[in-house]
Amino acid sequence: MDLRIKTFEEYKEKYALSVAQPEQFWGEIADTFQWNKPYDKVCEWEFDSPDIKWFANGKLNITENCLDRHLERRGNKLALIWEPNDTKERFVRWTYKELYERVCEFANALKAQGIAKGDRVIIYMPMIPEATVAMLACARIGAIHSVVFAGFSATAIADRINDAQAKAVITADGLNRGAKQVPLKRVVDEALQHCTSIETVIVFNCVDWSPNMVDGRDIWWHDAVKGMDKHCPAEQMDSEDMLFILYTSGSTGKPKGVVHTCGGYMVYAAYSFQNVFQYQESDIYWCTADVGWITGHTYIVYGPLLSGATTMMFEGVPTYPDAGRFWQVCDKHGVNIFYTAPTAIRALMAYGDDHVLSYSLDSLRVLGTVGEPINEEAWRWYHLHVGKGKCPIVDTWWQTETGGIMISGLGDLSPQRPAHAGYPLPGVQPVLLDQEGKEILENGVEGYLCIKHPWPSILRTTYGDHERCKITYFSHYKNHYFTGDGAKRDENGMYRIIGRVDDVINVSGHRFGTAEIENAINENKHVIESAVVGYPHDIKGQGIYAYVVCETMPEDQNEARAEIIETVVEQIGKIAKPEKIQFVSGLPKTRSGKIMRRILRKVAEGEADKLGDVSTLLDPDVVDEIVKGAL
Ligand code: WT7
């Protein structure tokens, strides 16, 4: 079960093998898992359709691999540590045996509610251990979970429920976040006014509120598990059965449901977890992501538990009760591996060094980042003050669609260069393509980042719309998976991710399509049209800059801004609030009516002097107005 590469030399050998003999390479790794019926073939694929199968006809249940198989040797080992938002509240520690029993008990409760293999279940939960239990319980019975980040609005939940035609929602009365509380169940109730597929809502009592409980539909978690057996036979899943759907934004207006399947996802989650973090049996591992994102799926829940690790979950925020919380928690629990986002590092940096300098942090061995490029300044601060100059930083590049980390250092094995993700993991074959789709072979170049061979956790489809999966990822360049990112490869072959080349904005590591935010803004009754671009933001990486055309130029612009923000919060959630809203009388368009985003981007970036040729525009005068009114 130890899947770890132990030297950089070994990495190079394994990498070469994984390219020359991918089936042999992945077959050996897959064989360390519990399959209840062996698979027939390691990998069958073609990217055109796409039609990708890993470990075809193998039967397994990922929770048997996460839980049951550890019981004998690790039954009393800690599986999960939970650190609450409130420093005065007691933390939770569950052994593998306890987690196993809670998952089985809740899995039986789901069955008793009529939920069965193949049903879709929405999980809209706080960062509490029950979120993990809910995910694993679904997987136990073969129900397909779709976790929706608890910051999304009622409209966003309703869209996801309807797209997935989900049968049940698992939620809580409310959640704690810093000094605030959020009424989750109330948001779900609002969403359900626009949904017909939901038959059951299971509500965990987290904050002791008394939400409205709808008779015959809503049931408390504690009532649902009453009298349930603490053992539950694991549903036998085909390797290619769906494990989960996770919605993510793309360049079109509507988020799409990325589908991951059981066998390949399992193998890659464990393999990448152990190698990237150079995980060792006694480590305490902490990933600060939310389970609502892919990072939480793969590197809080599945990767660590498949590896028999102790994984920590944190309910709160990095700045509550003060900006030293992360470091206090690291010292308190003796964290060895710490994985967070550049935006969190930059935010904490801004509070000054005192908050970090008062903690010893000497348990830390490996640090990681994910979600966006990490700038050199933040990298150095993280390295010096958190890692005390002695911990490697793994800058992990990957995506919701890739299921696991693709390009990254491997603990202290790999050479490091700030702001560079580095080398691909074994089994990952990245290439840089030029405008024409030709592979650029040299080093010291820049291009569109694509992958030319499948890896086990590649997305299989977008839920309910396979054509969209094909168009988005497999049609730009024949026989390649297109990532949507641009990248550089340095003289030594290390990759540096530059950022998205499509209409996707990355705000604090959260992904939004410009069209998605524009659609939300356009819901406001005064708005005629809008255009959204990203601009560099010191803390968030990118901020959202919206150009808005109203029926009449608003008299009170601040009031109009507040109203538009309110609309976006209703349509998507607080995380999608535009930072800047500029009211304009028109948008720069070509004669064919296409918005010239390049111009809007330059203005938002404060580079209005570099607009280039604007003479082809329908109405060049609007550009002057936009430049003059820039925020
Ligand atoms: C996009 C994927 C993967 C979990 C978190 C985000 C950007 C991700 C890095 C990195 C530079 C990164 C890319 C990618 N990204 N990691 N280490 N360096 N950029 O998942 O929401 O699916 O977003 O995040 O642009 O395409 P996601």
Side-chain angles (χ1 to χ4, degrees), residues 147-149 151-152 244-251 255-260 265 268-269 272-273 276 287-303 339-346 367-376 378-379 382 393-409 414 416-425 428 430 448-451 455 457-459 462 472-473 476 481-488 494-513 516 534 540-542 575-576:
V147 185
V148 177
F149 173 62
F152 278 117
F244 65 84
I245 305 170
L246 188 55
Y247 284 85
T248 190
S249 299
S251 39
K256 47 190 174 293
V258 168
V259 169
H260 285 289
Y265 177 82
Y268 199 78
S272 56
F273 169 74
V276 167
C287 165
T288 70
D290 192 284
V291 287
W293 311 116
I294 189 70
T295 311
H297 284 59
T298 311
Y299 299 111
I300 293 177
V301 179
Y302 290 109
Y339 189 29
T340 196
T343 186
I345 298 167
R346 288 192 299 263
L367 303 176
T369 68
V370 60
E372 52 175 317
I374 180 164
N375 48 310
E376 233 178 290
W379 193 98
Y382 196 30
I393 297 177
V394 290
D395 176 350
T396 66
W397 174 83
W398 57 298
Q399 309 178 298
T400 303
E401 296 85 344
T402 69
I405 296 168
M406 302 286 280
I407 301 181
S408 168
S414 323
Q416 289 189 56
R417 183 167 175 201
H420 286 66
Y423 296 106
L425 264 70
V428 174
Y448 297 114
L449 181 62
C450 293
I451 318 281
W455 60 99
S457 62
I458 185 174
L459 87 161
T462 44
T472 313
Y473 306 106
H476 289 261
Y481 165 82
F482 175 52
T483 65
D485 279 321
K488 285 184 180 169
M494 292 176 92
Y495 286 88
R496 173 185 193 142
I497 309 304
I498 303 167
R500 304 290 304 198
V501 294
D502 50 7
D503 290 319
V504 168
I505 314 183
N506 189 331
V507 185
S508 301
H510 302 157
R511 214 165 127 174
F512 299 103
E516 182 186 7
K540 299 179 172 185
Q542 278 190 300
I575 47 176

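Whatever order the structure lists them in is the order used to number ligands and atoms, beginning at 1. All heavy atoms count here, side chains included; hydrogens, waters and symmetry mates do not.
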Checklist entry - Has the side chain of Ser408 got a donor or acceptor atom that lies under 3.5 Å from a matching backbone atom of Val394? => result no

Considering non-hydrogen atoms of the protein only, which is the closest contact for [atom], and what is the distance?
atom	value
atom 2 (C) of ligand 1	Trp398 O, 3.6 Å
atom 13 (C) of ligand 1	Asp485 OD2, 3.1 Å
atom 23 (O) of ligand 1	Arg511 CD, 3.3 Å

Checklist entry - Sequence neighbours excluded, which residues qualify as ring-ring contact (aromatic ring centres under 6.0 Å, His included) partners of Trp397? => result none

Does any donor atom in the side chain of [X] or [Y] lie under 3.5 Å from an acceptor atom in the other side chain?
X	Y	value
Thr396	Tyr339	yes
Tyr299	Ser272	yes
Thr298	Tyr265	yes

Item to check | Asn506, Ile497, Val507 screened by side chain to side chain contact (heavy atoms under 4.5 Å, CB included) with Glu372, the one that passes | outcome: Asn506

Checklist entry - Does Gly371 reach ligand 1, in the sense of a heavy atom lying below 4.0 Å from it? => result yes

Checklist entry - Is Pro373 in contact with ligand 1, taking contact as a heavy-atom separation below 4.0 Å? => result yes

Answer yes or no: does an N/O atom from [X] fall short of 3.5 Å to an N/O atom of ligand 1?
X	answer
Thr483	no
Thr400	yes
Thr248	no

Checklist entry - So do Trp293 and Leu246 actually touch side chain to side chain, heavy atoms under 4.5 Å? => result no

Checklist entry - With backbone taken as N, CA, C and O and side chain as the heavy atoms from C-beta onward, which portion of Thr295 lies under 4.0 Å from ligand 1: side chain, backbone, both, or neither? => result side chain

Checklist entry - When you look for heavy atoms under 4.0 Å from ligand 1, do you find them on the side chain of Glu372, its backbone, both, or neither? => result backbone

Atoms in ligand 1 with a heavy atom of [X] nearer than 4.0 Å:
X	value
Asn506	7 (C), 24 (O)
Arg500	14 (C), 25 (O), 26 (O)
Thr396	9 (C), 10 (C), 16 (N), 17 (N)

Item to check | Stepwise side chain to side chain contact (heavy atoms under 4.5 Å, CB included) test for Arg511 and Thr400 | outcome: CA-CA 10 Å; Arg511 214 165 127 174; Thr400 303; 4.0 Å; yes

Item to check | Option set Ile294, Ile505, Asp395, criterion heavy-atom distance to atom 17 (N) of ligand 1, minimum | outcome: Asp395

Checklist entry - Taking only residues two or more places apart in sequence or in another chain, which ones pass salt bridge (charged side-chain N to carboxylate O under 4.0 Å, His left out) with Asp503? => result Arg601

